[in-house]
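On a predicted model such as this, the values are computed, not experimentally measured, just so you know.
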Amino acid sequence: MANIVLSISTNIQKEVMAYYGPHFIERKAPGVIFAAKLPDTAITMYKSGKLMFQGGGAEREAARWGTIEKAATPPSSIVAKGDVLPNNFATMSVLGSDETGTGDYFGPITVAAVYVPTSKIELINELGVKDSKMLTDDYMRKIAPDLRSACVHSVLVLRNEKYNNLQAKGYSQGKMKAMMHNKALQNTLSKMAPEKPEFILIDQFAERGVYYNYLKSERELVQENVYFSTKAEQLHVAVATASILARAAFLKEMDRLSDIAGLTLMKGASNKVDVQAARIWRNQGEEFLRSITKWHFANTDKARKMK
């Protein structure tokens, strides 16, 4: 399906609304100020001045209003490792997954899977999605509710007590992440059925063979049309959105743990984290510290020596 975007002025916006007024349809999605539906084309106008045409008549209708912009594609400067993606992958309907919290001593691991069809790519861009590494935590908290409303998704949180129990049973962090990605993807596919994504893209933390080896005991595997790539959040907006929702869930859990601890827990695994952990150990005991951390991290031994 053609997906064409124009940038138009305020005056042209008024002309577009008058021209397609007889075909107006209600669209309450964030950022949308006007929408219309022709027999072969959907027209959507956004607050930013973007005008999107989708369907068999997209080129015909877009030609009425201005110069056609090329659909967004990943910058050629991106050097990613993993599978070779199809041409124009960034414009396709994709289910993406990503995780966060894996390198933080305090707090959980969170994984999100998000489906962004071609018809919603422009909307998600309008809502402010970029590579999460380019966004602040406060900004991600702000846009996460609109993203959750706009997209079919699943977010999983592996809290510290369960994480430590699994780790004590011999589960590697890689295995835990693979299980969470697989489950989040299953959940999202179930919610969006009978619709299916054109492709699934997992932000690669392990090569394909290693990933599926982690899942060899699982009864259900998501394997159809699955790609793996590093820097996946820069390759499709679905993974960028998943990254933001995973981060927002991580921050929410960190807020909860901070309230319990009585102080704002630090992110990461730096020397400052060691000092804070030692303080919590002294004041609230080993069991409490264990309940809010990834206990096997080297920070535990460093904190033990400081307490």
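Side-chain contact between Val94 and Ile200: absent, with no pair of heavy atoms (C-beta onward) separated by less than 4.5 Å. Looking only at side-chain heavy atoms (C-beta outward), Thr264 and Asp255 stay at 4.5 Å or farther from each other. Proximity of Lys183 to Glu220: side-chain heavy atoms (C-beta onward) are nowhere separated by under 4.5 Å. Contact check for Tyr212 versus Lys216: no side-chain heavy atoms found under the 4.5 Å cut-off. Using a 4.5 Å cut-off on side-chain heavy atoms (C-beta onward), Asn125 and Val237 make contact. Lys302 places none of its side-chain heavy atoms less than 4.5 Å from the side chain of Val273. Phe89 places a side-chain heavy atom less than 4.5 Å from the side chain of His236. Contact check for Met179 versus Leu166: no side-chain heavy atoms found under the 4.5 Å cut-off.
Transitive grouping of hydrophobic side chains (ILVMFWY, heavy atoms separated by less than 4.5 Å) brings Leu185 and Met192 into a common cluster. Criterion: ILVMFWY side-chain heavy atoms under 4.5 Å apart, direct or through other members. Under it, Val155 and Leu95 are not part of a common hydrophobic cluster. A continuous path of Ile, Leu, Val, Met, Phe, Trp and Tyr side chains, each step under 4.5 Å between heavy atoms, connects Leu85 with Val239, placing both in one hydrophobic cluster. Placement of Val222 and Phe199 in two distinct hydrophobic clusters is found when ILVMFWY residues are connected by side-chain heavy-atom separations under 4.5 Å, directly or transitively. Hydrophobic cluster membership is shared by Ile109 and Ile202, with clusters built from Ile, Leu, Val, Met, Phe, Trp and Tyr side chains linked at under 4.5 angstrom.
Closest of all the heavy-atom pairs between Leu123 and Ala150 is CD2-CB, 4.2 Å. Nearest approach of Gly82 to Gln204, heavy atoms of both residues: CA-OE1, 3.6 Å. Across all non-hydrogen atoms, the minimal contact from Met140 to Leu135 is CE-O, 3.7 Å. For Lys191 against Ser154, the heavy-atom pair with the smallest separation is NZ-CA, 4.1 Å. Across Ala238 and Gly96, no two heavy atoms sit closer than the pair CB-N, 3.8 Å. Contact detail for Tyr227 and Pro86: the closest heavy-atom pair is OH-CG, 3.7 Å.
A salt bridge does not link Arg304 to Asp274: none of the charged side-chain nitrogens sits closer than 4.0 Å to a carboxylate oxygen. Between Glu253 and Arg159, at least one side-chain nitrogen of the basic residue sits less than 4.0 Å from a carboxylate oxygen of the acidic one, meeting the salt-bridge criterion. Taking a cutoff of 4.0 Å between a charged side-chain nitrogen and a carboxylate oxygen, Lys231 and Asp203 do not qualify as a salt bridge.
Atom CZ of Phe288 has more than 12 neighbouring heavy atoms from other residues, nucleotides or ligands inside a 6.0 Å radius. No more than 12 heavy-atom neighbours from other residues, nucleotides or ligands sit within 6.0 angstrom of NZ on Lys252. By the neighbour-count criterion of 12 heavy atoms within 6.0 Å, atom CZ of Arg141 is densely surrounded, having more than that number from other residues, nucleotides or ligands. Summarising the local packing, CG of Asn87 is surrounded by 12 or fewer heavy atoms from other residues, nucleotides or ligands at distances under 6.0 Å. Annotation: Gln223, atom CD; neighbour count of heavy atoms from other residues, nucleotides and ligands within 6.0 Å is above 12. Glu218 CD: more than 12 foreign heavy atoms inside a 6.0 Å radius.
In this structure, the separation between CG on Leu289 and CZ on Arg279 is 13.0 Å, given to the nearest 0.5 Å. Note that NZ of Lys120 and CE of Met52 are 11.0 Å apart. Values are rounded to the nearest 0.5 Å. A distance of 8.5 Å separates OG1 in Thr241 from CG in Leu127, rounded to the nearest 0.5 Å. Here Cys151 contributes atom SG and Leu245 contributes atom CG; the two are 7.5 Å apart, rounded to the nearest 0.5 Å. With rounding to the nearest 0.5 angstrom, the CD1 atom of Ile292 is 5.0 Å from the CG atom of Leu265. In this structure, CZ on Phe106 lies 9.5 Å from CG on Leu257, to the nearest 0.5 angstrom.
Not one N or O on the side chain of Glu233 forms a donor-acceptor pair closer than 3.5 Å with the backbone of Ser243. A donor-acceptor contact shorter than 3.5 Å is absent between the side chain of Thr300 and the backbone of His296. Here the side chain of Glu99 pairs no donor or acceptor atom with the backbone of Ala112 at under 3.5 angstrom. The backbone N or O of Ser93 sits less than 3.5 Å from a side-chain atom of Glu198, completing a donor-acceptor pair. With hydrogens and angles ignored, the 3.5 Å screen pairs a side-chain donor or acceptor of Ser149 with a backbone N or O of Pro145. No donor-acceptor distance shorter than 3.5 angstrom exists from the side chain of Asn182 to the backbone of Ala178, with no hydrogens or angles considered. Using modelled atom types, one side-chain atom of Thr118 and one backbone atom of Thr91 make a donor-acceptor pair closer than 3.5 Å. Proximity of a side-chain donor or acceptor of Ser229 to a complementary backbone N or O of Ala232 within less than 3.5 Å is not detected. A donor-acceptor contact shorter than 3.5 Å is absent between the side chain of Lys177 and the backbone of Thr102. In terms of modelled atom types and a separation under 3.5 Å, the side chain of Asn164 and the main chain of Asn160 share a donor-acceptor contact.
For Thr100 and Thr110, the side-chain atoms include no donor-acceptor pair closer than 3.5 Å.
His153 and Tyr115 have their aromatic ring centers separated by at least 6.0 angstrom. The ring of Phe205 has its center closer than 6.0 angstrom to the ring center of His181. Centroid-to-centroid, the aromatic rings of Tyr163 and Trp295 stay 6.0 Å apart or farther.
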Could you go through Leu147 and Ile124, starting from their C-alpha distance and side-chain angles, then the distance that decides it, and tell me whether this counts as side-chain contact (heavy atoms from CB on, under 4.5 Å)?
CA-CA 7 Å; Leu147 296 176; Ile124 298 307; 4.1 Å; yes
Evaluate the side chain to side chain donor-acceptor pair (under 3.5 Å) criterion for residues Ser270 and Tyr105: first the C-alpha distance (whole Å), next the side-chain angles of each, then the deciding distance (0.1 Å), finally the verdict.
CA-CA 9 Å; Ser270 67; Tyr105 182 55; over 6 Å; no
Steps toward side-chain contact (heavy atoms from CB on, under 4.5 Å) verdict (Val152, Val116)
CA-CA 8 Å; Val152 181; Val116 180; over 6 Å; no
Does the pair Val16 and Tyr19 meet the rule for a side-chain contact (heavy atoms from CB on, under 4.5 Å), with working shown?
CA-CA 5 Å; Val16 169; Tyr19 185 85; 5.8 Å; no
Using side-chain contact (heavy atoms from CB on, under 4.5 Å), reason through Val32 and Glu126 one step at a time and then give a plain yes or no.
CA-CA 9 Å; Val32 174; Glu126 287 298 314; over 6 Å; no
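The aromatic rings of Tyr211 and Phe228 sit perpendicular to each other, their planes meeting at more than 60°, with 30° as the lower class boundary. The aromatic rings of Trp65 and Tyr20 sit tilted, their planes meeting at an angle between 30° and 60°.
Lys50 forms no cation-pi arrangement with Tyr46, by the criterion of a distance under 6.0 Å to the ring centre and an angle within 45° of the ring axis.
Of the candidates Asp98, Asp137, Asp138, Arg247 forms a salt bridge (charged side-chain N to carboxylate O under 4.0 Å, His left out) with just one, namely Asp137.
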